[in-house]
Amino acid sequence: MSRKLIEFRDVSFRYGEEQPWVLRNCSFEIYEGEWVAIIGHNGSGKSTIAKLINGLLFPQKGEILIDGQQVNEETIWDIRKEVGMVFQNPDNQFVGTTVQDDVAFGMENRGTPREEMVTRIEETLSAVGMEDYRFTEPHRLSGGQKQRVAIASVLAISPKVLILDEATAMLDPKGRTEIMRTVSNVQNKEDLSLITITHDLQEVVQADRVIVMNKGEIWDRATPREIFSKKDSLREIGLDVPFVAILADELKETGINLTKEPLNHEELLEDLWILHSQT
Amino acid sequence: MNNSLIIGQYVPGNSLIHRLDPRTKITVIFFFVFIVFFANNVVSYSILTLFAIACIVTSRVPIRFIAKGLTPVWFLIIFTFILHLIVTKEGTVLLEILGFKIYSGGVIQGFAISMRFFLLILVTSLLTLTTTPIEITDAIEEMLHPLKKLKFPVHELALMMSISLRFIPTLMQETEKISKAQASRGVDFKTGPIKERIKAIVPLLIPLFISAFKRAEELAMAMEARGYQGGEGRTKLRELKIEKRDMLIFVLFVFVIAGLFYFRSW
Amino acid sequence: MDITFTNVSYIYQRNTPFAHQAIKDLNFHIPSGSFVAIVGHTGSGKSTLLQHLNGLVTPSEGEVKIGEYKLTPKEKPTNLKELRSRVGVVFQYPEHQLFEETVAKDIAFGPENFGVPKETINERIKRVIPAVGLSEDMLERSPFDLSGGQMRRVAIAGVLAINPDVLVLDEPTAGLDPRGQKEIMEMFNTMHKEQGLTTILVTHSMEDALKYADHVIILNKGTKYMEGSPEEVFTQKDALKQVQLDVPEVIQLLNAFEDKFSISIPFHGQTVQEIAETIHSIVKDGVSNE
């Protein structure tokens with residue numbers, strides 16, 4: 001197996017002494033080049049994980065290692081070079097007055113020479129399909145376009161990990177598709193680990209692994225296919241089961257034996273087709 | 001829907017004046033404001049007026065935009081003129097209205113002073129008409145640079161200005177949204193006694209403040225996540241460059257100053 | 001209240017270089033008591049349409065009739081406030097409109113503005129609080145101490161306390177997690193049925209439109225693109241595809257099934273179980289035929 005990039009060792013976090021624990025004894029690893037989806041309902045602690053990885057928060061118990069380096073006050077600036085984050089609200093993370101200024105912001109902070117910035121801006125904007133908008137002001141962009149710019153801004157500093165913290169939650173379906181397509185494109189091209197945090201089970205299908213959070217604890221970790229087969233327990237913790245999984249269950253009820261838990265329509269239909277053509 | 005939003009009065013364009021370095025424009029205007037007070041005869045006023053007209057023509061900003069910028073000050077200009085007309089008692093009496101004697105000196109004085117006023121406003125509004133607010137911010141940051149040695153937070157000030165500019169449209173949209181939501185809950189912003197209307201602003205202001213604070217908090221977090229740790233060791237994408245055209249304008253302007261001082265009456 | 005749009009157009013910043021036509025020649029009729037979904041992309045004119053329903057804007061051309069209230073380019077009803085007390089609007093992210101010190105005061109804000117007597121307001125608060133799934137011990141708390149989902153419910157309660165006949169919902173579930181989304185939609189659906197409301201749901205979610213609405217209007221670039229029952233509208237996949245709108249997932253699957261098996265299963269609102277049985281018989285029949 002490839003290199004461990006992120007490691008949580010028994011991490012617990014709360015906002016203050018008197019406050020309840022937001023995360024309790026969480027341990028997990030994320031490897032180089034892997035796509036991990038973290039799902040859970042609102043308040044399950046999933047976004048706290050993202051902020052801990054980036055050193056925006058520090059745990060009270062346990063430790064977090066990024067590429068072997070412990071996250072603490074001294075290392076955060078190095079770690080933020082390795083870990084880029086896209087947040088939920090497209091407006092509240094757009095710093096620049098135009099698209100290219102926003103992409104430049106992270107590089108400016110790191111003292112990147114101007115010539116290099118110009119080339120990186122071009123590269124990353126075309127990676128997210130926003131090359132025609134270099135001089136556009138944020139209020140002329142749609143939510144999905146702003147989020148794509150946010151992804152470009154992160155890519156510009158060539159991080160090892162990209163975290164999308166509910167980056168699609170405030171978008172319309174078109175924007176959501178845009179982002180999911182952009183993300184899988186980018187992950188294919190660049191050598192990037194990806195952490196997508198979401199409450200939408202549709203968005204975990206492409207991930208290699210899924211971590212399910214509930215009430216501040218890791219409730220399950222599995223492949224998307226395994227997760228899809230645990231419908232009743234997913235409903236119990238407030239998550240929505242995708243239609244294809246529901247239909248698969250109903251089909252099983254009628255006596256059809258599917259060979260595997262389908263992740264999408266194609267897989268289900270293929271399975272049915274094989275059944276159909278068998279004698 | 002929001003494409004109409006223009007911050008300040010910037011009129012997009014690509015004229016020589018638009019493309020000048022904002023520092024050039026600010027410097028020239030600064031000195032222009034200064035030397036206007038030295039004009040004291042027909043020739044010296046004509047030189048300045050010609051310069052201003054030349055700038056406007058080159059900028060290709062439609063006259064109606066310039067006129068619009070002047071509307072709030074017309075009153076002041078006319079008021080100044082009338083004031084001088086009444087108060088100044090030099091030269092010969094030209095006519096008498098309602099017991100007030102109008103002197104020739106008053107006419108000249110009034111004309112001169114309101115002309116100064118007019119030129120000042122004309123030239124400064126040309127700056128905002130041809131320069132984006134962010135360019136002005138960049139120029140101010142550069143020009144205040146020496147103050148850094150005195151621990152003056154030049155970078156922070158410039159960043160604050162640019163973030164404010166960035167968020168003006170966002171907050172305007174938000175204001176509209178919240179005022180509509182409250183109007184739909186029966187708040188009347190437009191009619192009723194003044195006291196009631198002031199009270200109606202509370203349900204608008206509180207949500208706006210709360211949302212602005214939340215935005216600020218989230219923005220601060222996003223900036224931190226993207227490695228922002230102050231102005232130290234930062235590079236900049238936006239670059240100001242003095243070009244040939246800037247030098248040209250400076251030379252021309254020096255001639256204007258020289259001409260003014262040569263032709264003014266001492 | 002019946003709602004009728006006749007040749008309605010709306011232009012933002014008319015007579016300026018920035019003029020922008022948000023809706024164009026819109027015609028439709030919503031009978032009292034129906035549940036209508038208005039679907040379209042961002043920028044299709046949905047929110048402009050919605051604002052007409054509350055007299056927040058008046059049409060640039062044409063006529064909007066809401067019950068006995070009439071909006072035309074020339075006349076705005078003098079009793080605009082009365083109209084607003086009968087048409088409640090839950091705006092997108094309604095929690096952003098909260099401002100009072102306590103939950104109770106915020107809920108009472110709307111009815112107070114409309115001059116509802118205090119006792120009546122208190123009765124209404126008692127009624128709406130459980131309806132939106134909050135408990136009475138929250139009434140004296142500050143709305144800003146609540147979770148995002150609870151704040152949303154308080155804001156919704158504030159609109160319900162106005163006691164409207166027409167309820168306009170602008171993406172009421174945006175930003176909530178799946179459980180929250182479902183609870184909120186179920187809540188509106190129950191209210192719609194129990195109180196005989198006219199409900200207008202502006203949404204991106206084809207699934208919600210299919211599940212709750214009895215009439216769907218599809219907007220595209222400010223004009224009405226399609227209209228009809230959910231079954232009628234959502235089975236026209238090519239027409240929807242042309243404006244880049246998805247069909248609900250059930251229908252997507254049935255379409256894909258038809259492509260693969262060359263057997264069509266027409267959709268007429270079957271349950272998942274019924275669909276599974278139909279698929280079963282096709283798949284198994286195929287097996288027995290061979």
Side-chain angles (χ1 to χ4, degrees), chain A residues 47 50-51 53-57 76-98 100-118 120-121 134-142 146 150 153-154 156-157 159 163 165, chain B residues 1-8 10 12 14 132-138 141 155 158-174 176-177 211-241:
Chain A
S47 286
K51 287 176 187 134
I53 296 175
N54 208 276
L56 292 167
L57 299 171
I76 44 170
W77 300 110
D78 293 333
I79 279 162
R80 286 179 191 156
K81 228 178 266 177
E82 309 299 331
V83 182
M85 247 176 112
V86 176
F87 296 87
Q88 183 179 19
N89 191 320
D91 260 319
N92 298 354
Q93 56 187 317
F94 204 113
V95 189
T97 39
T98 67
Q100 68 161 4
D101 284 308
D102 194 61
V103 177
F105 182 74
M107 294 190 277
E108 290 177 328
N109 291 336
R110 289 168 176 92
T112 312
R114 192 174 180 277
E115 298 72 47
E116 202 184 319
M117 278 197 240
V118 175
R120 283 302 283 161
I121 288 171
R134 262 177 64 187
F135 303 106
T136 310
E137 292 146 325
H139 64 270
R140 292 172 208 271
L141 299 175
S142 72
K146 278 182 220 166
S153 318
V154 169
I157 51 155
I163 306 177
D165 184 3
Chain B
M1 200 179 313
N2 304 301
N3 289 357
S4 56
L5 223 69
I6 290 182
I7 309 168
Y10 178 67
N14 199 25
T132 58
I134 193 71
E135 279 180 306
I136 296 178
T137 308
D138 286 341
E141 183 176 10
H155 160 76
L159 187 74
M160 259 164 55
M161 280 172 67
S162 95
I163 289 178
S164 319
L165 290 172
R166 143 77 186 90
F167 274 93
I168 286 171
T170 312
L171 291 177
M172 280 171 71
Q173 284 167 22
E174 182 121 349
E176 197 190 318
K177 217 193 90 183
S211 121
F213 279 124
K214 192 169 166 248
R215 283 183 195 282
E217 206 176 299
E218 285 185 22
L219 187 73
M221 188 171 272
M223 284 169 65
E224 212 186 309
R226 282 160 72 181
Y228 179 73
Q229 32 179 340
E232 212 59 33
R234 245 178 144 252
T235 44
K236 289 195 75 187
L237 175 69
R238 290 182 175 280
E239 212 177 33
L240 297 179
K241 249 203 203 134

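Naming: A, B, ... by sequence-line order, numbering from 1 per chain.
The contact between Phe105(A) and chain B is made by backbone and side chain atoms together, counting heavy-atom distances below 4.5 Å. There is no contact between Ile79(A) and chain B, counting heavy-atom distances below 4.5 Å. Neither the backbone nor the side chain of Gln88(A) comes within contact range of chain B, judged by heavy atoms closer than 4.5 Å. For Lys51(A), the part sitting under 4.5 Å from any heavy atom of chain B is the side chain, from C-beta outward, and nothing else. Proximity to chain A (any heavy atom under 4.5 Å) is restricted, for Ile134(B), to the side chain, taken from C-beta onward.
The main-chain N or O of Met85(A) is never found under 3.5 Å from a side-chain atom of Asp165(A) such that the two would form a donor-acceptor pair. No donor-acceptor pair closer than 3.5 Å links the side chain of Glu116(A) to the backbone N or O of Pro113(A).
Note on Asp102(A) versus Arg166(B): no salt bridge recorded, every NZ/NE/NH1/NH2 to OD/OE distance being 4.0 Å or above.
When each of Val118(A), Asn54(A), Ile76(A), Asp91(A) is scored by its heavy-atom pairs under 4.5 Å with chain B, the top score falls to Asp91(A). For the set Met223(B), Glu232(B), Glu217(B), Arg215(B), the entry with the most heavy-atom pairs within less than 4.5 Å of chain A is Arg215(B).
The shortest side-chain heavy-atom distance between Asn92(A) and Phe167(B) falls under the 4.5 Å cut-off. Side-chain contact between Met172(B) and His139(A): absent, with no pair of heavy atoms (C-beta onward) separated by less than 4.5 Å.
Asp101(A) pairs by the salt bridge (charged side-chain N to carboxylate O under 4.0 Å, His left out) definition with Arg238(B), not counting sequence neighbours.
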